[in-house]
Amino acid sequence: MLPQAIKSLTDKIKSFTLQPNSDPIVQLSVAVAPIPVIAWLAAQTTYPRVYWKGRDTEEIAAIGCCKDFFFGDDIDDIALSLEYQKQRSLSSNQEIRYYGGVAFDRRNESWKEFGKAHFVLPRIELRRSGNEFKLLVNLNFTENELSVEIDNALQSLQALDAPKPLAPPNKVALMGRSDRPDKHRWHELVNRVTHPKFIEDTPKVVLSRLTQLEINEEVDPWTLLACWQGRNPNSFQFGFQFSPDSAFISCTPERLYRRRQRELFTEALAGTTVRGLNQEEDKALAQELLDDTKNSHENQLVRQHIVNVLNPLSNYVGAEETPTVFKLSHIQHLHRSIRAELKAGVNDFQLIQALHPTPAVGGLPKDSAMNFIRQQEGYVRGWYAGACGYFNKYESEFAVAIRSALIEPGRINLFAGAGIVSGSEADKEWTELENKLKTILSILTEL
């Protein structure tokens, strides 16, 4: 059980010696009996706290910080790229991972604790792969003496708490709700974007909305994420809590990319409809979505853009010609898979620069769509629609943080966006935003 694993990891750390040619970042691990990962994380008192679950059988909870890099508002891509390369060179161990995210817009102001980019090499991780569980500890000898770092690691292990069952989900009493932009402003923005003169130069802008729920009770982000996960198990689920004051959680259907050495997988996810009340209706709605010109056009624009930006970085790019339907609990999307074989030497930072933000969350062309959002949307997106995930030298995976929530004292911030193209109607797009919030609202409140 967990106390046994902590004891054997403690023994490993105590007997650890740094070899002359060792990497400066070291990871030690032991097998552990199965533990409910998200419940273990919720029971810990150390920050930061990180949770990551991809679409496969892997699930990770991580606490504490062995090393991190944080960029606030004074960031430029050159500095970020250099820092990324520096971190990657510290270890050739394929198991070492930095978890974090990059904001939606690196040119706009950022959320205070999250910054434009924030990545953490955790002190302790609990990893599940299928039915196998491991407890890991990371040691960083780039800044600390051996004895100091050993002490830090031992103290972190001793401070671990046993997992407790997650608190049962409670419906929150809503003190108030506000939307930014509000419905009137939304109509103005959609009308501007769909104006023939605007569309000529910028065929797509993804407009979004911040919905703020005022509450006067505490919400446990991990209980909320676990409930959300139960509704959409085929989504990516992740959370970042850098301090007790705020947590960003997401249950998103959209992969930015997955890289295994030089093999890259990504996707075009754009075009939306609701789910049916029964199988027949669901099937009919899916077929309607596949046949709908506006939604197909939107998905095709995203697919083409991704292929275009990957071409210079790849020896080969292949994309599905026809879309399929990707189903979630309350809505369904059009989806096309894209695969690429990267050129030698192409790194994650180049991929993030090229792919993020995708036209599914920003628009096309990227620069003019982003400028419009920056100037007109009326709130700071921060990590909403940002890129969140992990990287190391050999592999990485990032998801696009749509379907997300920022939980702060007394307030829950929810986000939803809609792709505005020629033929978009403001009322229909507003309803789409409501549909996208349905799952999280049904968990939080009495609808």
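Just so you know, these numbers use all the heavy atoms, side chains as well, and skip hydrogens, waters and symmetry mates.
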*Between the main-chain N or O of Val120 and the side-chain N or O of Asp68, is there a donor-acceptor pair closer than 3.5 Å?*
no
*Judged by modelled atom types alone, do Glu95 and Gln27 share a side-chain donor-acceptor pair under 3.5 Å?*
no
*Are the charged groups of Glu432 and Lys428 less than 4.0 angstrom apart, N to O?*
no
*asked:* Checking His335 against Asn299: is there a side-chain donor and acceptor pair closer than 3.5 Å?
replied: no
_Under a 3.5 Å threshold, yes or no: a donor from one side chain and an acceptor from the other, between Glu408 and Ser246?_
no
*Would you tell me whether Thr142 and Asn140 have side-chain atoms, one donor and one acceptor, within less than 3.5 Å of each other?*
yes
*Donor-acceptor side-chain pairing of Ser368 and Thr202 below 3.5 angstrom*: yes
*Distance-only donor-acceptor check, side chains Arg180 and Ser178, under 3.5 Å*: no
*Sub-4.5 Å side-chain heavy-atom contact between His297 and Thr293*: no
_Checking side-chain polar atoms at under 3.5 Å, does Gln332 have a donor or acceptor matched by the opposite partner on Thr272?_
no
*Hey, is Arg55 close enough to Glu267 for a salt bridge, meaning N to O under 4.0 Å?*
yes
*Is there a donor-acceptor contact under 3.5 Å linking the side chains of Ser208 and Tyr379?*
yes
*Any chance the side chains of Thr211 and Asn413 put a donor and an acceptor closer than 3.5 Å?*
no
*For the pair Gln304 and Asn308, evaluate side-chain hydrogen bond (donor to acceptor under 3.5 Å, both in side chains) and give the outcome as yes or no after the intermediate values.*
CA-CA 6 Å; Gln304 200 45 57; Asn308 292 347; 3.0 Å; yes
*Out of Glu125, Glu397, Glu58, which residue meets the salt bridge (charged side-chain N to carboxylate O under 4.0 Å, His left out) rule with Arg97?*
Glu58
_If the threshold is 4.0 Å, N to carboxylate O, is there a salt bridge linking Lys134 and Glu59?_
no
*Does a salt bridge link Glu377 with Arg185, judged by any charged N lying under 4.0 Å from a carboxylate O?*
no
*Look only at the side chain of Trp383 and the backbone of Gly115, and say whether a donor-acceptor pair between them is shorter than 3.5 Å.*
yes
*Establish, from distance only, whether the side-chain atoms of Asn392 and Tyr98 form a donor-acceptor pair under 3.5 Å.*
no
*Show your working on side-chain hydrogen bond (donor to acceptor under 3.5 Å, both in side chains) between Asn295 and Thr273 and close with a plain yes or no.*
CA-CA 9 Å; Asn295 279 298; Thr273 190; over 6 Å; no
*Please report the C-alpha distance between Phe198 and Phe372 in whole Å, then the side-chain angles of each, then the deciding distance to 0.1 Å, and finally whether the ring pair (Phe, Tyr, Trp, His ring centres under 6.0 Å) criterion is met.*
CA-CA 11 Å; Phe198 187 93; Phe372 187 85; 5.2 Å; yes
*Modelled atom types, side-chain donor and acceptor of His330 and Asn435, under 3.5 Å*: no
*Is there a donor-acceptor contact under 3.5 Å linking the side chains of Ser29 and Arg127?*
no
_Under 3.5 Å, is there a donor on one side chain and an acceptor on the other for Gln375 and Asn371?_
no
_Ionic contact status for Asp105 with Arg374, cut-off 4.0 Å_ = yes
_Walk me through whether Phe248 and Phe240 qualify under ring pair (Phe, Tyr, Trp, His ring centres under 6.0 Å)._
CA-CA 5 Å; Phe248 180 65; Phe240 293 92; 7.6 Å; no
*asked:* Can a side-chain donor-acceptor contact be found between Trp186 and Glu429 if the only test is distance below 3.5 angstrom?
replied: no
*Please report the C-alpha distance between Tyr51 and Phe238 in whole Å, then the side-chain angles of each, then the deciding distance to 0.1 Å, and finally whether the ring pair (Phe, Tyr, Trp, His ring centres under 6.0 Å) criterion is met.*
CA-CA 5 Å; Tyr51 178 81; Phe238 55 85; 9.2 Å; no
*So do the side chains of Leu269 and Leu334 get within less than 4.5 Å of each other, counting heavy atoms only?*
no
*Taking all non-hydrogen atoms of both residues, which atom of Pro359 and which atom of Leu364 are closest, and how far apart?*
CB-CG, 3.7 Å
*asked:* Less than 4.0 angstrom from a charged side-chain N to a carboxylate O is my criterion; do Lys86 and Glu83 meet it?
replied: yes
*Can you find a heavy atom in the side chain of Ile331 that is under 4.5 Å from one in the side chain of Lys436?*
yes
_Salt bridge flag under 4.0 Å for residues Asp282 and Lys327_ = yes
*After noting the C-alpha distance and the side-chain angles of Val193 and Ser424, does the key distance pass the side-chain contact (heavy atoms from CB on, under 4.5 Å) rule?*
CA-CA 9 Å; Val193 171; Ser424 293; over 6 Å; no
_Any salt bridge linking Lys294 with Glu298? Criterion: basic side-chain nitrogen under 4.0 Å from a carboxylate oxygen._
yes
*Please confirm whether the backbone N or O of Glu321 pairs with a side-chain atom of Arg336, one donor and one acceptor, at under 3.5 Å?*
yes
*State, yes or no, whether a side-chain contact exists between Trp228 and Arg403 at a heavy-atom distance under 4.5 Å.*
yes
*asked:* If we ignore hydrogens and angles and just use 3.5 Å, is the side chain of Asn232 paired with the main-chain N or O of Leu328 as donor and acceptor?
replied: no
_ring pair (Phe, Tyr, Trp, His ring centres under 6.0 Å), paired with His118, selected from Tyr99, Trp111, Phe70_ = Phe70
_Glu395 CD to Arg258 CZ distance, which is reported to the nearest 0.5 Å_ = 7.5 Å
*Between Phe326 and His333, is a ring pair (Phe, Tyr, Trp, His ring centres under 6.0 Å) present by the stated rule, with each step listed?*
CA-CA 5 Å; Phe326 188 89; His333 295 290; 7.2 Å; no
